[in-house]
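Take a look at the structure below.
Labels below follow one simple rule: chain letters A, B, ... track the order of the sequence lines, proteins then strands, and each chain is numbered from 1.
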Number of protein chains: 2
Amino acid sequence: MQLEKIVNYHKALADPTRLRILLLLSEGEMNGQALAEKLNISQPTVTHHAAKLREAALITERREKNTVYFAQNRYFIQQHAEASLKFIFKEGGKEMSEPENAQTKSAVIRNFFAKDGRLRQIPAQYKKKLIALEHLVEQLEPGRKYSEKEINEFIKQFHEDFATIRREFIMHQFMYREDGIYELNPREQWTHWENVK
Amino acid sequence: MQLEKIVNYHKALADPTRLRILLLLSEGEMNGQALAEKLNISQPTVTHHAAKLREAALITERREKNTVYFAQNRYFIQQHAEASLKFIFKEGGKEMSEPENAQTKSAVIRNFFAKDGRLRQIPAQYKKKLIALEHLVEQLEPGRKYSEKEINEFIKQFHEDFATIRREFIMHQFMYREDGIYELNPREQWTHWENVK
DNA sequence: CAACTAATTAGATGTTTATCTAATTTGATG
DNA sequence: CATCAAATTAGATAAACATCTAATTAGTTG
């Protein structure tokens with residue numbers, strides 16, 4: 001449900017300790033112990049808050065040996081802030097209808113992809129960008145594990161800026177990365193399916 | 001303290017009932033009883049939540065006879081959302097130095113405004129947008145009250161999308177609106193002066 | 001002022017949650 | 001496999017909070 005998500009976003013930010021964690025992370029990633037020390041709290045407390053922040057998708061984690069590095073997920077922080085305002089101001093009611101949606105989709109693909117299938121440019125507008133990204137990931141094999149090099153090669157077929165696009169794949173949850181291995185996420189996790197449902 | 005304010009903002013929004021109140025108010029003002037009925041909660045509960053929302057300046061109240069009408073305070077809701085993101089992303093620390101600032105400013109004006117004074121396009125980048133907006137509002141008379149129509153006419157001299165720009169004027173605290181009457185805010189309230197101080 | 005209506009305050013109750021210490025798990029490394 | 005380091009889980013405690021009913025206040029109107 002829409003409402004619940006927004007509540008959780010604000011709950012996540014409605015605590016001074018968590019805000020201070022995010023503030024520290026604005027300078028770069030940090031591991032649990034470092035946070036505990038900086039904030040003068042116990043490690044379990046950090047774990048507790050990290051869990052809340054993770055649930056709301058406000059941070060990302062990266063495991064190296066046995067230490068976990070936390071980082072801001074700027075993208076989702078911003079995304080949720082926006083969604084929240086839209087909700088309160090009720091600018092969410094007037095969504096595209098399904099057919100209109102499908103129409104937009106093919107229009108975007110026509111406009112942004114060349115005949116040979118290459119992506120002319122990355123759309124700046126949010127929804128269009130998602131459509132373009134989706135069009136790309138649909139050409140990956142579900143379940144297959146890709147190395148970073150393979151992903152780069154794949155993207156380069158369509159666009160020279162593979163680094164940006166690879167990052168967007170992760171950011172919008174089209175793919176999941178662990179230890180340099182990339183894998184397609186199930187469709188239900190793709191970012192804009194949230195919007196549509 | 002900065003932190004505390006932001007926490008309170010998110011606490012205010014971190015409750016489903018309060019969000020639903022705001023949602024109802026997005027359609028216009030409402031009194032306590034009506035809210036209680038719509039939401040299926042007791043009147044004291046409404047009072048309780050109204051107090052929280054009022055503390056965070058997210059609603060305004062108007063008393064008529066013995067009934068109190070609540071309304072969204074869209075302006076502050078947006079303002080706090082913005083402040084919150086700025087805080088988390090720490091866009092308060094690394095400011096431009098004054099001379100650099102002045103230089104950037106005239107460069108932005110040169111680039112975004114045509115010879116005849118019209119705004120070619122609204123800058124997408126945050127700081128540049130602020131500079132452009134400031135340049136516009138500087139041409140309004142301090143202390144004078146403008147009707148919405150007058151504001152629209154004023155903006156149309158510079159750019160066709162008066163609705164967006166009018167909204168930005170409010171959003172960034174260049175102007176204050178009440179009952180359709182617009183007035184310039186004192187310079188100290190303009191958004192980016194916060195950053196500079 | 002009596003009666004009415006809407007709102008607020010008081011006080012009670014149950015739930016959520018931030019934090020701690022102690023115990024356990026995870027992963028790496030001698 | 002024993003040890004070490006970092007993180008997590010379990011469990012306890014205290015504070016914060018959402019909600020209710022009952023009592024009170026504020027304001028209006030016959």
* Structure fact -> Here the distance between atom P of D/dA18 and atom CZ of B/R20, to the nearest Å, is 14 Å
* To do: Could you tell me the separation between the CG atom of A/N40 and the C1' atom of C/dC20, rounded to a whole number of Å?
  => 14 Å
* Answer with yes or no whether the side chains of A/Y69 and A/E61 bring together a donor and an acceptor at under 3.5 Å. => no
* Asked: Base, sugar-phosphate alone, or nothing: which one does B/T67 contact when heavy atoms must sit under 4.0 Å apart?
  -> sugar-phosphate
* Asked: Would you say A/H48 reaches C/dC20's phosphate, i.e. side-chain N/O to OP1/OP2 under 4.0 Å?
  -> no
* Can a side chain N or O of A/K52 be found less than 4.0 Å away from OP1 or OP2 on C/dA18? -> yes
* To do: Determine, for A/K156 against A/E153, whether the closest basic-nitrogen to carboxylate-oxygen distance falls under 4.0 angstrom.
  => yes
* Any side-chain N or O of B/R63 under 4.0 Å from OP1/OP2 of D/dA26? -> no
* Does any donor-acceptor pair link the side chain of B/N66 with the base of C/dT5 at a separation under 3.5 Å? -> yes
* **B/E61 CD to D/dG27 P, straight-line distance once rounded to whole Å** => 14 Å
* Any side-chain N or O of A/T17 less than 4.0 Å from the OP1 or OP2 oxygen of C/dA18? -> no
* Asked: Which part of the nucleic acid, if any, lies within contact of B/Q33, taking any heavy atom under 4.0 Å across all strands shown: a base, the sugar-phosphate backbone alone, or nothing?
  -> sugar-phosphate
* For C/dA7, does OP1 or OP2 lie under 4.0 Å from any side-chain N or O of B/T47? -> no
* **Electrostatic pair B/E64-B/R62, nearest N-O below 4.0 angstrom** => yes
* Short side-chain N/O contact from A/S42 to OP1 or OP2 of C/dC20, under 4.0 Å -> yes
* Given that A/I41 and A/K11 both sit by DNA chain C, which one's nearest nucleotide is further toward the 5' end? -> A/K11
* To do: Fit a plane to each ring of A/F169 and A/F154, take the angle between them on a 0 to 90° scale, and name the class: parallel (under 30°), tilted (30 to 60°) or perpendicular (over 60°).
  => tilted
* Steps toward side-chain contact (heavy atoms from CB on, under 4.5 Å) verdict (A/L39, A/T45) -> CA-CA 10 Å; A/L39 298 172; A/T45 303; over 6 Å; no
* Structure fact -> Walking DNA chain C from its 5' end, the first of A/A14 and A/K65 to be reached, judged by nearest nucleotide, is A/A14
